[in-house]
Amino acid sequence: MTLPGKNLLNLSAWRYARQHPWQSWLSFLGIVLGVMMVVAIDLANNSANRAFALAVDSVNGSITHQIVGGDRGVPEENYTALRTELGIRRSAPAISGTVIIDDTGFTLLGQDLLSELSLRRQRAGFETTGTAFDPALLDFSTRQNVIVMSQSAARLAGFSTGDTFRAYRQETPMTRSIESVLELVATLPSSDPVATEGILYTDIAVAQRVLGRSGYIDSIDLILDEQEVAQVQNWLPPGLTLTDSETRNDSLTQMTEAFHINLLAMSLLSLLVAALLIYNTVTLSVLRREKTLGIFRALGVSRQEIHRLVLGEAALYGIFASIIGIGLGYLLGKSLLDLVTAAIPDLNYRLNVTSFLLTPSSLILGFVLGTGVTLLSAALPAWRATRAKPITLQQRAGHDSHWQAILPLLSTGGLLLMLAGFVLLQSAWWGLVGGFIALTLLIAGFCLLVPGIMLVCLQLLLQVLQRSLRLPGRMSLRNIRNSLNRTGLAVAALAVALAVTVGVGVMVDSFRNTVIIWLDQSFQGDIELTGVGLDQQLANELAELGGVSLVSASLISSVETSLGQARLHVGDLPAAQSYYLKEFNESDLARFNRGEGIMLSEPLAWLNQVTLGDTVTLTTGRGNQDFPVLGIFYDYTPSQGLIGIHETLYTQWWGAREAGRLTLFSDDSNPQLFAEVSSFLQGNPEIAVFPNAEIRNVTLAIFDRTFAITSVLRILAIIIAFIGVLSALMALLLERGREFATLRACGMTPAQIMRLILMQTAVMGLFAGLLSLPLGLMMSDVLIDVINKRSFGWSMQHFLPSGVLLEAMVLALVAALLAGIYPAFKSARVNPSRALREE
Amino acid sequence: MNKASNNNFIRISQLSHSYAEAGQRHEVLHEVSVDIAQGESIALLGRSGSGKSTLLNIISGIDSPDTGSVTLDGKKLTAMSEKQRTLFRRQHIGFIYQFFNLVPSLTAAENIALTLELNEVGETESRERVEEIMQTLEIADKASRYPGQLSGGEQQRAAIARALIHQPLIVLADEPTGNLDARTGQSILQILQTLSQEKQSTLMLVTHSLEVAKSADRILTLEDGKLLEQESDFAW
């Protein structure tokens, strides 16, 4: 005879798990998937974040300050003046922009070799400041259009020394124009491939030419001590500002952070669904072993020992599942990296992320959350297990009725949690984090309400349908009602997962529709022209073409303001035609058109708490000037914020400037207008022409790319919920083995048993689908009105896409029916005599 | 039979217990008092629902009475905390049930060894004692079988072995033959009584069978919540 030695209690638990492999594996899988989601998103976020930080550091390097200019940048003669008049040697000019080579974006970084020598800035990716002085770079000064890359970046891009490329400059994410030919003349060793990825180093003059910025630079980069700061401040010519380089990146960082918090919160929702699944499984394993636990108690096993046993089991599951979840999360994170990077706002320079960063903090987060959530979920069932009376042969019905007795308490708790959530939503406390806490409270409260709602509905249904419903139908409804502690949980888990899809679906759809309205309002006209030489004469000539009713000129530039750096939109159209207005007074629109004030984009106004009538200081060509805010318009471009001014005001304070864009309005009389405009401009390679509809398509493509990650998260949440339903239903039906065996013994056919079970699962699916709708709509409201507002300052219209709601219902029914198939099949084929004997 | 010198080894004094049902309280035990000597065997008779199992549960410390006290070997059980009662039960009480109540996920040998493990008996000693008692009970060849693979009689033998292996002061048996055929039941009962005597354990046996009751030293009957002593020539 062999005895396994110590820990017969543990051995018993282990054997129980082995005897119920489905249940054990499903629970395990739930934790694995939940952890996988969190780790994947966090790893992808961290990789993208690091790439973002390194990109900033690699372009700017270890500078302390920057002199930035007006709408066109800093006139390059200011740099010469700074060095000669003030003698500030630790300074260098900088310019960067995006160029497209073979449909891939690269950052073209222009630098002046001699100035860099004196600035001696440390750039991320290079160990010494001397890197910038590789002899190969001397080619910058002597040859046209040459570039240098880091060896790793060149390898990643598939470039070799001596290669030449056709590069297009990208002015906005929507447009590209003007071709240049660049030659890679050398590659440099880099200490950090991530930092230098996608960066093309070139001479400042080359960058100016390729980027179409001749005579201007982005900034004068400086390393200054306190005394020099004061000196430079006094020297600054009108139109230029000295900024601290750290604060300059703050708003971008803030926005990127908000994206990442949103993504992480969505992955945490999946973990919540997984927690419901774990709770369900552990509760069930405790219930099924209640008799065994009762025997243990009768034999003298203490409550603490039972508690340790159940929690120990859960911990073991949590630990192993978390480890596997972390491994899978790593793999998933790698494949999600592109999608996460796509959700980062477009920067002044191109962000390339192909290097996946394995951050220990993400792994620890996954492990702690996985194990912690498992232990927390198991805490209640474990406590319940300690209450197992050391008297055997307890009736299950007694427990179920006990559970129904606490339903009012659960429902009250649920209502209170939801109330707390609503109260928290009303206050702006804790900002974004407060919003997510409120959302969690609402979801948790709703989950607690689910069994109560189901009980009331089932009682009503049973009463109303008492006469019309046949026995199997009545049995199905009663089975659900009598096992509400399990069915309620399964329905809650599925409802939450579906609500995530409804909430996010409605939010994304509302956002998309709002963006379409915004595009229609903000990008009126039919044909767009961008490039160099868009002067008044050209505008007049284009206006003469048949079918053109109006030619409007505009430009996008950047401006230093009392709110930080912002983009400046200058247009010659009235405000109502240029912007999708949110807040304004009719009388102020005329003032705007006369050049008496400015308009602010909604995010800029919201983030800086600026309202109508406030004044904002802009650095103009004639120095700093205060302007009243006459209106606030919707803007969904993911960047620092936009200020709109009329051409009249621009001319007054900055002087006349050639337009960056001409918009042609058609009177619809000439179907060949686009072809005629294209042929009219054929001899002018510096001007790009494209139909306005393309802007709309490209913008929506960018939008879809940004939100692609949410689709993946939605699908994963559904998979976890599906597993939850499968596990709950299987457990429920396996428990009812004796009942089904009795029915079989009484003459019910396997097909009838299957129908009975599938009817039950369908009703549960229906409940989950219906309950997911109010919760999902509530979530979408919170996402639209609170989360997005607090994250990005965007407000949007509410749209109720019937497709998303229908999708949730179909998903619920399909998931529930699919989950019911195996248990139904298994229960129908059970051998009645054996099942009755085993019971 | 080795009669005990300690005549009030188990002292039950003024014990009352009631339970609630449909909002009303029902008293199952009313001021029950009795002294039981060490090594004595007691048969407890009574109708269904008369409180026999409740009395056993209170003596084992599983349940607590509303009033009154239970003293076992000089230790007042009713004054102990739940944890103390659990530890006391682990060391000094063996319980046998009508439906065996073996742990389904442990083999017969493991079920028997469980009590020893809880009492921290060493592995070698544990193995020897399990082997010995299984041989005595003639189920040594079933050691590695799970409860589901054993007959009713074999399961009850394993349950008896589990209840006696740690040489408890008291063995409480709640209708141990109620789920067995007459022949197997008789055999099980004989084993139980013999082993209890050998281990010097006090045996308290709940039964409906007069035949079974007659084999005990004393017969007690629970009726209307009161405990009555019957003469050994008592007849139904």
Side-chain angles (χ1 to χ4, degrees), chain A residues 1-21 23-24 285-286 288-309 313 386-395 397-398 401-402 405 737 834-839, chain B residues 53-54 56-57 60-63 82-95 97-120 122-124 126-128 130-131 134-135 140-144 146 148 159 162-163 166 168 172 174:
Chain A
M1 182 185 63
T2 52
L3 279 176
K6 291 281 174 188
N7 285 321
L8 287 172
L9 294 186
N10 291 339
L11 182 71
S12 156
W14 164 244
R15 291 219 181 113
Y16 173 82
R18 266 200 354 205
Q19 284 160 5
H20 302 84
Q23 222 168 291
S24 313
S285 99
V286 166
R288 280 180 72 86
R289 281 184 297 163
E290 204 154 34
K291 186 175 171 184
T292 303
L293 297 173
I295 297 171
F296 286 154
R297 291 281 291 125
L299 291 174
V301 178
S302 68
R303 284 185 171 154
Q304 287 87 339
E305 283 165 329
I306 296 279
H307 198 255
R308 271 205 300 274
L309 179 72
E313 252 178 80
T386 65
R387 302 287 113 185
K389 282 237 166 201
I391 305 166
T392 53
L393 303 176
Q394 298 179 79
Q395 294 304 306
S401 61
H402 163 76
R834 197 172 161 193
L836 288 168
R837 190 158 54 87
E838 279 176 359
E839 282 291 319
Chain B
S53 299
T54 306
L56 250 52
N57 286 336
S60 65
I62 285 174
D63 247 346
E82 201 279 332
K83 188 170 184 181
Q84 286 169 326
R85 290 203 310 271
T86 302
L87 294 178
F88 186 87
R89 184 162 68 244
R90 176 188 291 191
Q91 288 163 9
H92 303 302
I93 291 174
F95 224 127
Y97 302 88
Q98 180 182 357
F99 293 103
F100 326 128
N101 286 340
L102 295 171
V103 177
S105 49
L106 296 179
T107 63
E110 287 162 355
N111 263 288
I112 298 165
L114 183 59
T115 329
L116 294 178
E117 186 186 300
L118 290 171
N119 285 301
E120 297 178 352
E123 204 178 320
T124 316
S126 177
R127 190 178 295 118
E128 285 168 4
V130 171
E131 270 174 4
M134 289 192 87
Q135 269 166 9
D141 57 330
K142 308 285 190 290
S144 55
Y146 286 94
R162 186 180 67 185
H166 59 305
L172 302 169
D174 195 350

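Given the structure is predicted, the values throughout are model-derived calculations rather than measurements.
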Between B/L118 and chain A, which part of the residue has a heavy atom less than 4.5 Å away: side chain, backbone, both or neither?
side chain
If I measure from the heavy atoms of chain A, does B/Y146 come under 4.5 Å with its side chain, its backbone, both, or neither?
side chain
To the nearest 0.5 Å, tell me how far A/E305 CD sits from B/T86 OG1.
9.0 Å
Side-chain touch B/T107/A/R15, heavy atoms, less than 4.5 angstrom
yes
Given 3.5 Å as the limit, does a donor-acceptor pair link the side chain of B/R89 with the main chain of A/A298, or not?
yes
Taking all atoms of both residues into account, what is the closest heavy-atom pair of A/N7 and B/E117, and its distance?
N-OE2, 2.8 Å
B/R162 and A/L299: side-chain contact (heavy atoms from CB on, under 4.5 Å), yes or no, with the steps?
CA-CA 9 Å; B/R162 186 180 67 185; A/L299 291 174; 3.7 Å; yes
Heavy atoms, side chains only, cut-off 4.5 Å: are B/L114 and A/L9 in contact?
yes
Minimum-distance pair of heavy atoms, taken over all atoms of A/L11 and B/E110:
CD2-OE2, 3.4 Å
Given that the side chain runs from C-beta out, which part of B/L102 has a heavy atom under 4.5 Å from chain A: side chain, backbone, both or neither?
backbone
For A/I295 and B/V103, work out which heavy atoms get closest and say how close.
CG2-CG2, 4.2 Å
